[in-house]
Amino acid sequence: MSRHDVFERLRAWDEGGAIPNGHTLPWLRATAADRLVLAFVRMGGESSPWGIAIGRPDAPPEFFTCAEPRNADLHAAFVLAAADALLRHVEHPSLLPDDERLMLLAMEAPLRARVRLRQLWVPGSSHLDMLHFLDFRYTHANTGEPKVVRRLQAFGRACGWLFRESTRPGQVRVFDATARLRRAYTFPAEPARQSHLGYLLAWLVPGRTRDERLADAREREGLPVSVTMSPAYERAVLEPLVTRYNAARDDAPAQAAVAREIHDALVPELRRRWELTAQAMSILDADTRESNPHLDAVIDLGSAECFHEYWKNEAKGLDPSLSDEQRRYLVHDPETDYAPARAARRYFAHLHAAELAAGELVHGDATLAEQSLDAGNGFRGTIRAVEREAIAGKKSGPILWTIECSADDSLRLREETSVCLVGARKRIGRIRSLVTVGAVRTVVLQMTDGLTRRALPDVPEAADVAAHVGTTVTFLEQAAAGFTQMKIFRVGHTDGPGAWLTHAAPLPEPSPPVRIQANLLELVKSLQ
Amino acid sequence: MRRDVRRRLEQYASNPRCEANVISAVHDVPMEAVARSLGFEVAVGQSPFALLRGQQFERSIFRDDAVRLRRALITQKVLPANAAGFVDFRMARNDGPYPNLDASRAAFLQRLGAFAKTVGEARLQLPTILAGPTLMVPGKAILPDGLFAIDVLTVHPQPRPAPIVLRVGEVKVYPDRGGFTDAAELSSTRAQAGLYVHALRVELQQSKLAQHFAVADDGFLVLTRPSFNLPSVRGAEDLQHQAERAAVMFDRVLRIAERTLPADSATDDVPTTRRQAVVDAPKQYADGCLAFCELAAHCQQEALARGLPAALGDDLGRFLGPITLHRALELLHGAAPQHDVERDLVARIT
């Protein structure tokens, strides 16, 4: 939490409600067709869902529940019923005709365009965790009808990829509604309280006083929105039902009737979570701020990640000519990267994503630029001189800008750092010298890129003395995202720097091939 | 009064700066009773399903001479591959043989005494897993006495004259998701395990067994594998600093325990005078209170009314220091600062 955030919280308290954070929103508004809202509830102590609410935001959600989530067969059947909506959302290749799938696999761009703006919205972080649990539970499912098992595995992998994607910095595919509200607004409440979606929404109700919003927020806080339900509700309503359900195991009609009662008891809990998420989405959509105009690169990276980290392998896995052994290497294990190089690769991919998002979005949002300046990642000052350096034997030397700034401002940049001009980001300079005398810090920049009108039609040429001298400019460190991107590929080399670390240890044995058996008894027999 | 003080120690550790919380934990005045006496609605209790799952998990790892747990401990190199032997000190309600904590503690100390006397091959073949041994809280800091059972100990015998190493383990039912495991849960579990390391060392000293045993600075956590009822062991957890923190905590508890409160009631009800001691004690609201204290909402309202900046977060409390929220807003709206602290704040917010 930065000083800026803390001060903004004080301001929000003064205003009596949530206040906007930044001048833009760092994601695009997608259409309802590109959006899916998903909410879970779980049985206390369990790490798998008991119920799922899923659906597009412009239609009522579908509710799926399982009478006894500790029963593996029942749970698999319930998850299977809910799987299609999620698999359709991620354009799972098994749902496409063969020719279309092969075309998309060969061409990449059409698939990327199709999934570019797809968004999955969940109420909060515990619901994202549930995606990870489903990955653990179903990615390596191995008992049951082969077709069913394959669908369950695909569902597990889709959940796993969406969970991993949710952890990639700057991503705009998986939306934790609570976190997005916190990103968009500053709330006048302690951070620990800000993990409750209902609590946050109460602060956004217009036309109320601070006391009214606070009272409403406290009341809403009493209703759980995480995947865990109130223990009192479980004790009073659900536990007796589950007990009755298990007691009626020899009476199928009676058991089905209790299962319906359990479903009816879970639906209101699921509906509340789903509707709160849809409400948060509507509030963010209705916000008067524009989306950040520099989102394209971030979204493009997201669609590339979708194709290369998820869809491509899913499509390849459907190739009937592949053996189980070959198919196994296409699956991302929920527990491990297996190889240090692969882990390092993902580390650099995340670093690249963070640098790209920070480097791009800062040019589209004045607040982000100010925060970056506060953090010492750039400087603001007045241009005192624009000149060409005289170099013996050369007709014209490099263009130098001399900029005077306040020495009180924090600055963590050093000589040789590349910086770009806020408002004309293609204009890039390299810090030649930094000299501080008294209260003045003088920065000499050697301008390296974006010097002419051809490069920047709307901006005077870099060498135009009259146009620049006396003007105030802001420079920020140029994002070095491309450099990290190179490392993503280089880390896989067996002979480059760092190979002693990533390739020294022998790779662990992969897990045995997935056995698909029609039922558990046959599987056990096959193991004997 | 609850004699199993583990939960009270956890409560104490959650906010040792709040005097009301400390008195509640040390003198066993449940916050729930205090909150009810003040007219607040209190949602208490755990999920019945979660309780059952926790019990089933613990039973499953200790079943059949702790075969599941031993396998996981060997895989994670907490125990050597040839480790064997299991001694159960749990109480009957947890599937163990002992009727209460006193009997469990007596048996544990007796067994330690026997371990200390072993020599040669017998020493190297001591049982390696001890389930649910009971300890006395050092110095009887938690009145009237303090007994609690730790989850599991592993025994690592060495030839004489080297001491037998004991290693503390803590069992939790939340899932181990590698790097995605809940950091707050892990932190709290390590704190608890560190507390046991300290308590075990003191217990060994008090029982004059310290020269025969060494309590390892590191311990292990036993969590669950996601979606499976199998243990996932995290070995080599450094508990040294947690144990030191526990020592400081015990020292403070000891001093607080010296304050007298009216004697405990024979009934389950908490006498009014004891509740009042908690109600009257100074409170220090902090972010963490939300997670454990039934008075948290009340304390936050009080803190807001008094303009205490911590009511809007610990970080805002640090940012404003001694300046109240009301005064900070006045300064924000242009009031002239009256002293250096206010001048400093104005410089930071303008």
Side-chain angles (χ1 to χ4, degrees), chain A residues 1-3 5-7 9-14 42-48 50 69-70 72 75 125-126 128-129 132-138 163-164 167 187-196 214 218 221-222 224 228-236 238-240 242-243 334-336, chain B residues 41 43-57 173-182 184 224-229 232 285-291 296-297 300-301 303-304 309-320 325 328-333 345 348-350:
Chain A
M1 198 62 66
S2 70
R3 200 179 74 173
D5 297 331
V6 175
F7 173 58
R9 200 182 314 144
L10 184 63
R11 257 192 359 100
W13 180 252
D14 189 28
R42 67 163 182 172
M43 178 182 266
E46 297 298 312
S47 49
S48 300
W50 194 354
R70 293 166 294 192
H75 197 271
S125 59
S126 65
L128 289 177
D129 291 344
H132 198 203
F133 290 128
L134 286 166
D135 182 19
F136 271 104
R137 181 147 188 177
Y138 288 110
F163 173 74
R164 289 193 299 281
T167 65
F187 293 89
E190 61 270 51
R193 273 207 154 79
Q194 293 188 30
S195 52
H196 192 286
L214 181 59
R218 282 185 178 140
E221 201 180 20
T228 308
M229 289 175 285
S230 148
Y233 187 69
E234 284 197 332
R235 205 179 306 118
L238 293 165
E239 191 189 21
V242 173
T243 306
E335 284 196 273
T336 175
Chain B
E41 275 188 31
V44 290
Q46 279 183 284
S47 157
F49 302 114
L51 283 173
L52 183 64
R53 164 118 164 98
Q55 288 163 2
Q56 284 176 340
F57 178 64
V173 79
Y174 62 82
D176 184 4
R177 299 157 62 206
F180 293 111
T181 310
D182 189 312
T224 56
R225 284 198 64 196
S227 298
F228 298 96
N229 213 26
S232 174
Y285 178 74
D287 286 357
C289 295
L290 270 176
Q300 198 224 12
Q301 282 184 36
L304 278 176
L312 294 184
D314 293 349
D315 48 3
L316 191 62
R318 287 191 294 273
F319 186 72
L320 295 185
L325 282 173
L329 295 188
E330 286 172 3
L331 293 169
L332 193 65
H333 287 293
L345 177 66
R348 283 185 285 144
I349 64 178
T350 51

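Within every chain, numbering begins at 1; the chains are lettered A, B, ... in the order of the sequence lines, protein sequences first and strands thereafter.
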Heavy-atom cut-off 4.5 Å, strictly under: side chain, backbone, both or neither for B:Q301 against chain A?
both
With a 4.5 Å limit on heavy-atom distance, are the side chains of A:D5 and B:D315 in contact?
no
Minimum side-chain heavy-atom gap B:D182-A:D129 below 4.5 Å:
no
Only counting residues at least two apart or in another chain, list the ones meeting salt bridge (Lys or Arg N to Asp or Glu O under 4.0 Å) with B:R53.
A:E46
Under 4.5 Å from a heavy atom of chain A, the part of B:A291 involved
neither
By a 4.5 Å heavy-atom criterion (distance strictly below it), what part of A:L134 contacts chain B: side chain, backbone, both, or neither?
neither
Identify which part of B:L320 has an atom lying under 4.5 Å from any heavy atom of chain A, answering side chain, backbone, both or neither.
side chain
Look at the rings of A:H132 and B:F180 and say which category their plane angle falls in: under 30° parallel, 30 to 60° tilted, over 60° perpendicular.
perpendicular
Leading residue by heavy atom contact count with chain B [cutoff under 4.5 Å; candidates A:E190, A:R218, A:M43]
A:E190
Under 4.5 Å from a heavy atom of chain A, the part of B:P175 involved:
side chain
What I'd like to find out is whether the side chain of B:I349 reaches to under 4.5 Å of the side chain of A:R11, using heavy atoms alone.
no
B:D314: partners by salt bridge (Lys or Arg N to Asp or Glu O under 4.0 Å), with sequence neighbours left out
none
Check whether A:R9 reaches the backbone of B:L312 with its side chain - one donor and one acceptor, N or O, closer than 3.5 Å.
yes
